[in-house]
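The structure under discussion appears below in the form of structure tokens.
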Amino acid sequence: MVFGLQTLVVVIASVMAAYNVAPIGAVLAIMLCSGGLSWLAVSRAWLPIAALARLLSGWDPDHPDMEGLEVERGKGGDNDVVALVRGLHGLASRVEGFGERERNFTRDASHELRSPLTVIKMSSDMLADEADLSEFGHRSLERIRRSTRELESLVEAFLILSRESDQGLAEEDFIVNKVLRQEVDYARELIAGRPVELILDEPSAFALHASPRVFAVLCGQLIRHALQQTDQGTIVVTVMPGSVSVINPAVDAPDPGSRRHASVDRHGFDLAIARRLSDRFQWPLELRALPGASRVASVRFPNPQPVEA
């Protein structure tokens, strides 16, 4: 409408100049005034869009600026702009509420699981002291302990991921090799009785200033991911300068009725947790295949520290 009116004014002024109805100076003045008024009108109409663009340029999806959207929505302006701001406000509110519900559920569920896990561990220890426990009972008890250990690791990962930030996770200087030895020992309990061997190869050693709890959970999830994928063979956990890798042996395509085929969803879940931890703490996780169908999951750790002899 603004540019249409400006064009009409220019045409009328041009006709007036052509028929000498008005002097050239007056015609030029009319054209300049109409152009200036058009620019002012368009600028005022563009102000809400420019303000919204500035707000969205610094938009943080994890911490949306709801107050800024409220201010923009209350300014009025063009109906289309108001509808856009209203839609963004509703979307941001839903995303924020979804994230809050997810964190609350994960945190509460993880805390509630700790109590029964403690009871199961204590009962298992007491049952192991029974002298007349049968061989079948011992095997069942070991399966209970392995499953309890696996569930403990899963709960620990959920508790870490449910935090709004990494505040509250104690950071310290620790040697990654020591933490990895403990995780490998825990993982060996999960493969008792299976034709699978787990080896820790330490051609290098380094330290990190971070949370050893987070490091242990991340590496533990990668090791369990490898155990779920492997029916038989040797899994190698290797410590290189500034990185840790888990190498699976070459395997054939799983048979539809095999145990490993039934556990695809489970070991995919372990890998998903490892990915979220690596993204959260900015420890890049890389997955690649080696010749012979072996698979490697490696994590690089920025700013590794040397270990004194």
Side-chain angles (χ1 to χ4, degrees), residues 56-65 91-92 94-111 113 150-174 176 179-180 182-184 186-187 206-229 235 237-248 263-290 295-305:
L56 295 181
S57 64
W59 186 267
D60 184 2
D62 295 329
H63 304 282
D65 186 6
L91 176 62
R94 292 180 62 187
V95 171
E96 186 179 33
F98 175 79
E100 184 66 23
R101 288 193 299 272
E102 181 187 20
R103 287 190 296 270
N104 291 337
F105 172 79
T106 307
R107 182 181 60 251
D108 296 341
S110 301
H111 279 297
L113 284 173
E150 196 168 2
L151 186 55
E152 273 188 320
S153 176
L154 188 61
V155 170
E156 189 77 5
F158 280 160
L159 282 174
I160 292 173
L161 291 174
S162 66
R163 294 180 180 272
E164 182 72 20
S165 64
D166 57 356
Q167 296 177 357
L169 296 173
E171 293 188 353
E172 59 184 77
D173 292 327
F174 67 95
V176 300
V179 179
L180 273 176
Q182 186 177 25
E183 288 301 314
V184 169
Y186 288 149
F206 65 95
L208 287 177
H209 181 77
S211 170
R213 174 183 169 193
V214 176
F215 174 83
V217 172
L218 172 60
C219 294
Q221 292 297 320
L222 290 178
I223 294 173
R224 270 178 286 279
H225 167 68
L227 295 180
Q228 291 287 342
Q229 284 185 314
I235 299 172
V237 181
T238 307
V239 183
M240 298 298 291
S243 68
V244 174
S245 62
V246 181
I247 304 176
N248 289 8
S263 65
V264 169
D265 290 341
R266 177 67 184 91
H267 72 243
F269 188 62
D270 290 326
L271 185 59
I273 293 176
R275 284 186 182 277
R276 291 187 63 181
L277 288 172
S278 68
D279 293 340
R280 172 74 173 275
F281 295 94
Q282 298 181 354
W283 293 338
L285 171 61
E286 179 184 3
L287 302 176
R288 65 183 188 276
L290 296 178
R295 287 155 295 184
V296 181
S298 59
V299 185
R300 290 186 295 105
F301 299 94
N303 305 318
Q305 302 175 6

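Positions are given from 1 along the sequence.
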- Results of side-chain contact (heavy atoms from CB on, under 4.5 Å) for Arg94 - residues two or more places apart only: none
- d(Glu171 CD, Leu208 CG) to nearest 0.5 Å is 10.5 Å
- Message: In the structure I gave you, are the side-chain heavy atoms of Phe301 and Pro284 within less than 4.5 Å of one another anywhere?
- Response: no
- Query: Can you check whether Pro302 reaches Gln282 side chain to side chain, under 4.5 Å on heavy atoms?
  - Reply: no
- Task: Can you sort out the partners of Gln305 under side-chain contact (heavy atoms from CB on, under 4.5 Å), two or more places apart, ordered by chain and number?
- Result: Asp173, Ala207, His209
- Message: I'd like to check Val299 versus Cys219 (side-chain heavy atoms, cut-off strictly below 4.5 Å). Are they in contact?
- Response: no
- Pairing residues for Thr238 by the side-chain contact (heavy atoms from CB on, under 4.5 Å) criterion, not counting sequence neighbours: Asp201, Pro203, Val236, Met240, Ser245, Ile247
- Task: Would you please name every residue forming a side-chain hydrogen bond (donor to acceptor under 3.5 Å, both in side chains) with Arg288, sequence neighbours left out?
- Result: Ser298
- Note on the structure: Taken in chain and number order and not counting sequence neighbours, the residues that satisfy ring-ring contact (aromatic ring centres under 6.0 Å, His included) with Phe174 are Phe215
- Distance in Å, Ser278 OG paired with Glu286 CD, rounded so as to fall on 0.5 Å steps: 11.5 Å
- What's the shortest heavy-atom distance between Pro304 and Phe206, and which atoms? CB-CD1, 3.7 Å
- Item | Between CG on residue Asn248 and NE2 on residue His225, distance to nearest 0.5 Å | 6.0 Å
- Considering residues at least two apart in sequence or located in another chain, which fulfil the side-chain contact (heavy atoms from CB on, under 4.5 Å) criterion with Ala187? Leu198, Ile223, Leu227
- Item | Steps toward side-chain contact (heavy atoms from CB on, under 4.5 Å) verdict (Glu183, Gln221) | CA-CA 10 Å; Glu183 288 301 314; Gln221 292 297 320; over 6 Å; no
- Task: List the steps and the verdict of side-chain contact (heavy atoms from CB on, under 4.5 Å) for Leu287 and Arg275.
- Result: CA-CA 10 Å; Leu287 302 176; Arg275 284 186 182 277; 2.9 Å; yes
- Query: Quick one: which of Leu222, Leu277, Leu218, Asp279 gives a side chain to side chain contact (heavy atoms under 4.5 Å, CB included) with Leu285?
  - Reply: Leu222
